[in-house]
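What follows is a set of notes on a single structure, which appears directly below.
Residue numbers begin at 1 in each chain, while the letters A, B, ... track the order of the sequences. Fair warning: this is a prediction, and the values are worked out from it, not measured in the lab.
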Amino acid sequence: MKGIVRLGVVLAIFAAAACASLAVVYSITKPRIEAQEQIALTASLKDVFLEAEEFEDVTESLKSDNLDIAFTNAILVKGGGAPIGVAVKASGPSYGGKAVLLVGLALNRSIAGVRILELNDTPGLGANAKNPGYYVNKAEKTTFPGQFEGKYVTDGFVVKGDVAAITASTITSVALTKIVKTVVDKAALWLESATLSPTPQEGAAAGGN
Amino acid sequence: MNKLWKTFKQGIIYENPLLMLMIGLCSALAVTSSVSNGIGMGLAMTFVLLFSEVVISVFRKAIPSSVRIPIFIIIIAAFTTMVDLVMKAYFPDLSASMGVFIPLIVVNCIIMGRVEAFSSKQPLLPVIFDSLGMGLGYTWVMVGIAAFREVLGNGTFAGLPVMPAAYQPILFFILPPGGFLVFGLFISFNIWLKDRMQKSMKERA
């Protein structure tokens with residue numbers, strides 16, 4: 001009995017020391033990690049919505065109902081004082097673990113752009129999704145995330161159908177497409193509930209989904 | 001000094017963790033599809049190996065042998081998490097491309113193996129040389145395999161194009177079977193090198 005207690009105490013001391021040293025490193029690196037993520041997010045937002053000027057956080061009201069796919073940030077993007085679209089930073093499972101995407105939906109329910117922020121899939125295969133020099137459509141020079149631009153919420157989002165897959169990387173292609181689809185569906189509903197439409201006509205057309 | 005040098009050399013060729021001991025292969029095959037990943041993984045691994053071995057060697061008398069494995073894992077995991085955090089904060093690009101393999105250093109058999117077989121029984125000085133030798137042995141193989149695979153499979157070296165524009169990359173080398181093939185070639189090269197070195201040592205003696 002005494003021996004077991006002694007082992008437990010020794011183990012606890014080592015664990016506590018490890019925790020303390022980790023806490024120190026964590027508190028030192030935390031502001032830098034957050035700053036890096038913020039820089040990456042703002043850069044991607046401006047890249048997706050060229051005329052973006054202001055960002056309003058709407059993470060609280062725009063949430064995912066898919067258990068696999070989480071929305072970490074939702075941002076209402078404004079340009080010239082008026083809303084121009086909504087962007088969602090979403091993460092979901094892919095071949096090599098978690099993939100993080102930024103998906104922007106314009107008010108007319110078309111995708112303003114998709115950017116891959118984090119992807120750990122196989123280099124040379126699935127990782128080609130974030131390679132700016134890899135074209136899924138060589139004739140039109142569209143990248144894998146680039147092909148989503150201009151697609152409407154009502155489109156099919158079927159890999160090897162209306163979405164071109166990355167060679168030898170069907171799992172990555174399907175996983176990323178699913179994240180995009182989940183985001184645009186929810187974002188379109190959110191725009192509906194926030195009654196943000198460019199013109200009544202277009203809003204009604206998309207609402208038929 | 002001579003003995004320390006010998007300990008250091010063990011890890012590089014004679015007891016190379018990847019090519020002779022053949023441990024820690026999963027991450028080695030997975031991340032060696034680009035040279036920058038190979039370097040990053042090698043350095044991260046060496047760092048964790050060095051600090052875990054040093055801490056465990058210093059406290060080796062305070063670690064009861066019946067709970068040594070959980071204690072080793074706590075120590076290794078702490079250093080791995082530190083590497084992960086520091087990389088995320090200061091080298092976000094590298095951290096993004098290494099992804100899940102950094103946290104997986106925790107369960108890498110090389111570290112566990114060296115800690116169990118060497119640093120839990122040896123004083124500080126040989127432990128430092130052992131971890132550096134093993135780390136360097138791991139790193140050179142990683143970079144070597146990665147260079148081979150990236151040049152043939154992608155036509156680039158550390159992201160820079162090195163092959164003529166007409167070169168059609170052989171995708172096979174980036175894929176897992178290509179990794180196994182190159183890895184096998186490295187093993188046979190290392191055995192040849194080891195035999196040669198032992199022969200020349202005998203001739204000298």
Side-chain angles (χ1 to χ4, degrees), chain A residues 3-41 43 93-100 116-128 130-134 166-169, chain B residues 30-34 36-37 51 55-56 59 62-68 70-93 95-104 146 149-150 153-156 159 161 169 171-176 178-179:
Chain A
I4 293 176
V5 172
R6 199 181 74 88
L7 293 181
V9 170
V10 173
L11 199 53
I13 291 170
F14 274 99
C19 277
S21 49
L22 272 183
V24 171
V25 175
Y26 179 73
S27 59
I28 294 170
T29 52
K30 191 173 179 241
R32 274 209 67 116
I33 293 175
E34 276 172 1
Q36 296 280 11
E37 280 177 357
Q38 201 54 46
I39 290 169
L41 184 63
S94 182
Y95 186 70
K98 196 173 78 165
V100 181
I116 293 169
L117 303 180
E118 199 182 314
L119 182 71
N120 303 322
D121 290 2
T122 325
L125 292 170
N128 273 334
K130 57 177 177 181
N131 176 356
Y134 180 87
I166 302 162
T167 311
S169 305
Chain B
V31 303
T32 50
S33 46
S34 82
S36 47
N37 279 0
F51 283 90
V55 168
I56 288 165
F59 292 103
I63 300 174
S65 77
S66 50
V67 289
R68 65 185 192 284
I71 291 178
F72 294 166
I73 292 188
I74 290 171
I75 294 170
I76 297 168
F79 283 114
T80 307
T81 313
M82 283 178 202
V83 170
D84 197 26
L85 290 174
V86 169
M87 272 173 97
K88 274 203 182 113
Y90 299 97
F91 308 98
D93 294 337
S95 161
S97 74
M98 307 288 297
V100 72
F101 293 105
I102 293 294
L104 280 180
R149 291 178 69 186
E150 196 188 332
N154 207 19
T156 56
L171 197 57
F172 170 76
F173 282 101
I174 294 287
L175 292 165

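Taking CD1 from I33(A) and CD from Q38(A), the interatomic distance works out to 14.0 Å, rounded to the nearest 0.5 Å.
Proximity to chain B is absent for every atom of E118(A), based on heavy atoms less than 4.5 angstrom apart. Using a 4.5 Å cut-off between heavy atoms, L119(A) touches chain B through its backbone atoms (N, CA, C, O) alone.
In plain terms, the two heavy atoms of I102(B) and T80(B) that are nearest each other are O-CG2, 3.1 Å.
Contact tally against chain A (heavy-atom pairs below 4.5 Å) for A89(B), S33(B), P64(B), S34(B): the top residue is A89(B). Between chain A and the residues V55(B), V67(B), I71(B), V86(B), the largest count of heavy-atom pairs under 4.5 Å involves I71(B). Heavy-atom pairs under 4.5 Å with chain A were tallied for L171(B), N37(B), I74(B); the largest tally goes to I74(B).
Among residue pairs with one or both ends in residues 15-30 of chain A, those qualifying as salt bridge (Lys or Arg N to Asp or Glu O under 4.0 Å) are K30(A)-E34(A); sequence neighbours excluded.
Here K130(A) pairs with nothing under the salt bridge (charged side-chain N to carboxylate O under 4.0 Å, His left out) rule; sequence neighbours left out.
With no hydrogens or angles considered, a side-chain donor-acceptor pair links T32(B) and R149(B) at under 3.5 Å.
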